[in-house]
Amino acid sequence: MQASEAYDRLAAHSRESALLGSALSLLYWDQRTMIPPAGQAGRAEQVAALTGVLHRRATDPRIGEWLGAVEAAPGAFDPDGPGMANIRGWRRDYDLSVKVPLKLATALALAGSEGQTAWEAARAADDFRAFAPHLSRLLDLSRQKAEALGYAAEPYDALLDLFEPGETAASLVPIFAQLRAATADIPALTAGRPEAGPDLPAGPYPPEDQAALDREVAVALGLPLSASRLDTSVHPFSTLIGPGDARVTVRHDPADFTKSLFSAIHETGHALYSLGHSGRHWGAPMGEAVSLGVHESQSRLWENFVARSEAFWEFFLPRAKARFPVLAGVGPKTVFRAVNRVRPGLIRVDADEVTYNLHVLLRFELELALFRDELQVPDLPEAWREKSRELLGVVPPSEATGVLQDVHWSGGAFGYFPTYTLGNVYAAMLFEAAGEALGDLAEMFRRGRFEPLLSWLRENVHRHGRAYPPRELIRRATGRELTAEPLLAHLRGKFGRG
Ligand code: ZN
């Protein structure tokens with residue numbers, strides 16, 4: 001077969017899989033927003049059927065033959081062009097799909113869904129021991145998966161690489177060490193700054209007005225209403241259904257409008273990235289997100305670097321006041337302080353910008369110890385308490401607020417947590433580079449001008465899809481090797497004694 005014909009077949013196969021995947025995404029979205037309770041059982045079957053179809057398509061041996069044909073004619077494709085980037089992406093996806101035996105993939109999917117159900121019950125009952133056998137099983141199956149995939153130095157690397165291509169435990173250690181050394185003293189340094197100050201009024205913030213404000217901010221940041229929806233769900237999330245169809249969900253707290261607003265901004269950042277890479281190349285690797293860390297960098301950048309700035313509130317507070325008269329006497333500095341409090345706490349998802357990465361470090365060190373057999377599942381709750389004391393200075397009084405607080409491990413997602421911190425590190429590097437290229441960003445935010453920043457991100461990050469591994473993408477965008485220094489500079493500037 002000619003290389004060009006093989007390429008066309010790969011592209012057609014990939015696009016059709018993407019269309020089916022898009023239908024699956026819509027089923028998931030519906031399952032978390034609209035479905036009536038009695039529809040869940042049928043939906044689970046529907047999801048399983050479509051997942052099976054997609055798995056068979058991903059492991060279709062013809063993909064191997066087509067790839068063989070295009071790779072046998074390397075001169076036919078520009079090594080730096082989108083065609084070659086797609087070929088690299090298809091090769092990676094195919095190899096990963098065929099390396100894991102179907103039996104193991106099915107066992108993992110089943111253990112993951114049982115694990116999540118068990119975790120929900122264990123968390124509600126504050127009973128780690130009820131969840132422990134599920135966690136042991138998931139660890140065992142995940143180790144088998146790592147062996148099947150192969151790894152650089154240790155099994156954990158194989159799982160991490162699925163979420164963040166190219167990263168290894170060893171490559172993350174220096175980044176976390178840098179963060180830990182520099183943030184350990186920030187909570188103490190910030191005593192009296194900028195978190196000191198009155199709380200915001202406790203409402204009322206009617207949910208329908210919050211929804212309108214969430215929409216207003218998403219549009220101001222650049223999310224087109226013609227290509228998106230904002231709805232409510234128990235856990236906020238963002239998903240791309242297809243090109244021109246990004247869905248964002250939030251949850252409203254009647255006593256605090258900032259919670260849903262920051263969720264909306266966070267998820268809008270994800271949606272802007274999805275829409276930014278899914279245009280012309282949708283259905284091929286060039287039209288896909290490169291990693292979870294890069295995805296998270298886009299949400300954190302808008303949430304923390306843009307919307308938690310004082311300049312943003314100078315622009316946005318009058319808009320919030322127009323909907324919530326209770327804010328009448330509040331100034332931008334008060335909101336800035338209220339949304340930037342530093343308080344070491346128990347719960348990762350409630351953590352401030354400074355301590356957040358310490359929560360991630362805790363999980364990274366524990367899951368790594370589990371995979372290295374340096375820690376056994378029954379000892380995990382005690383190890384969690386110890387690490388929490390050491391890193392955050394707080395000890396969870398229950399397992400629900402400690403080791404059982406996150407869903408990730410219950411579904412078998414090991415190696416996922418570090419991508420949150422990588423997202424923060426990338427976001428800071430990108431924000432710094434955008435500022436150098438565009439000039440005074442704060443002045444733009446004060447005037448409600450977010451378009452230059454979005455354009456810069458589209459040009460330097462979004463449009464590249466999966467063309468480069470994350471580290472290379474960030475290096476090309478910023479001109480620097482991966483470093484936590486810009487993140488630390490940002491945190492010191494905002495929270496340190498300065
Ligand atoms: Zn996110």
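Quick note: numbers below take in every heavy atom, side chains included, and nothing from hydrogens, waters or symmetry partners. Counting starts at 1 for both ligands and their atoms, following the listed order.
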Trainee: Let me check something: any side-chain donor-acceptor pairs from residues 20-28 under 3.5 Å, sequence neighbours excluded? List them with distances.
Mentor:
from: S22; atom 1: OG; to: I241; atom 2: O; distance (Å): 2.4
from: S25; atom 1: OG; to: G21; atom 2: O; distance (Å): 3.1

Trainee: My understanding is that only one of D253, D256, L213, L327 makes a side chain to side chain contact (heavy atoms under 4.5 Å, CB included) with Y205; could you say which?
Mentor: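 The residue from D253, D256, L213, L327 that satisfies side chain to side chain contact (heavy atoms under 4.5 Å, CB included) with Y205 turns out to be L327.
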Trainee: I'd like a table of donor-acceptor pairs (distance under 3.5 Å, sequence neighbours excluded) in which one partner is a side-chain atom from residues 223-230, with atom names and distances.
Mentor:
from: S228; atom 1: OG; to: P224; atom 2: O; distance (Å): 2.8
from: R229; atom 1: NE; to: D231; atom 2: OD2; distance (Å): 3.0
from: R229; atom 1: NH2; to: D231; atom 2: OD1; distance (Å): 2.7

Trainee: Is a donor from one side chain sitting under 3.5 angstrom from an acceptor on the other, for T401 and S398?
Mentor: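 Short answer, yes.
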Trainee: Just to verify, what does D350 make a side chain to side chain contact (heavy atoms under 4.5 Å, CB included) with, not counting sequence neighbours?
Mentor: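 Expected list: I347.
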Trainee: Is the backbone of V294 close enough, under 3.5 Å, to the side chain of S297 for a donor and an acceptor to pair up by distance?
Mentor: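 Side chain of S297 to backbone of V294: a pair is present.
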Trainee: Taking 2.8 Å as the upper limit, name the protein N, O or S atoms near the Zn ion (ligand 1).
Mentor: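 Listed by chain and number, the nearby protein N, O or S atoms are H266 NE2, H270 NE2, E296 OE1.
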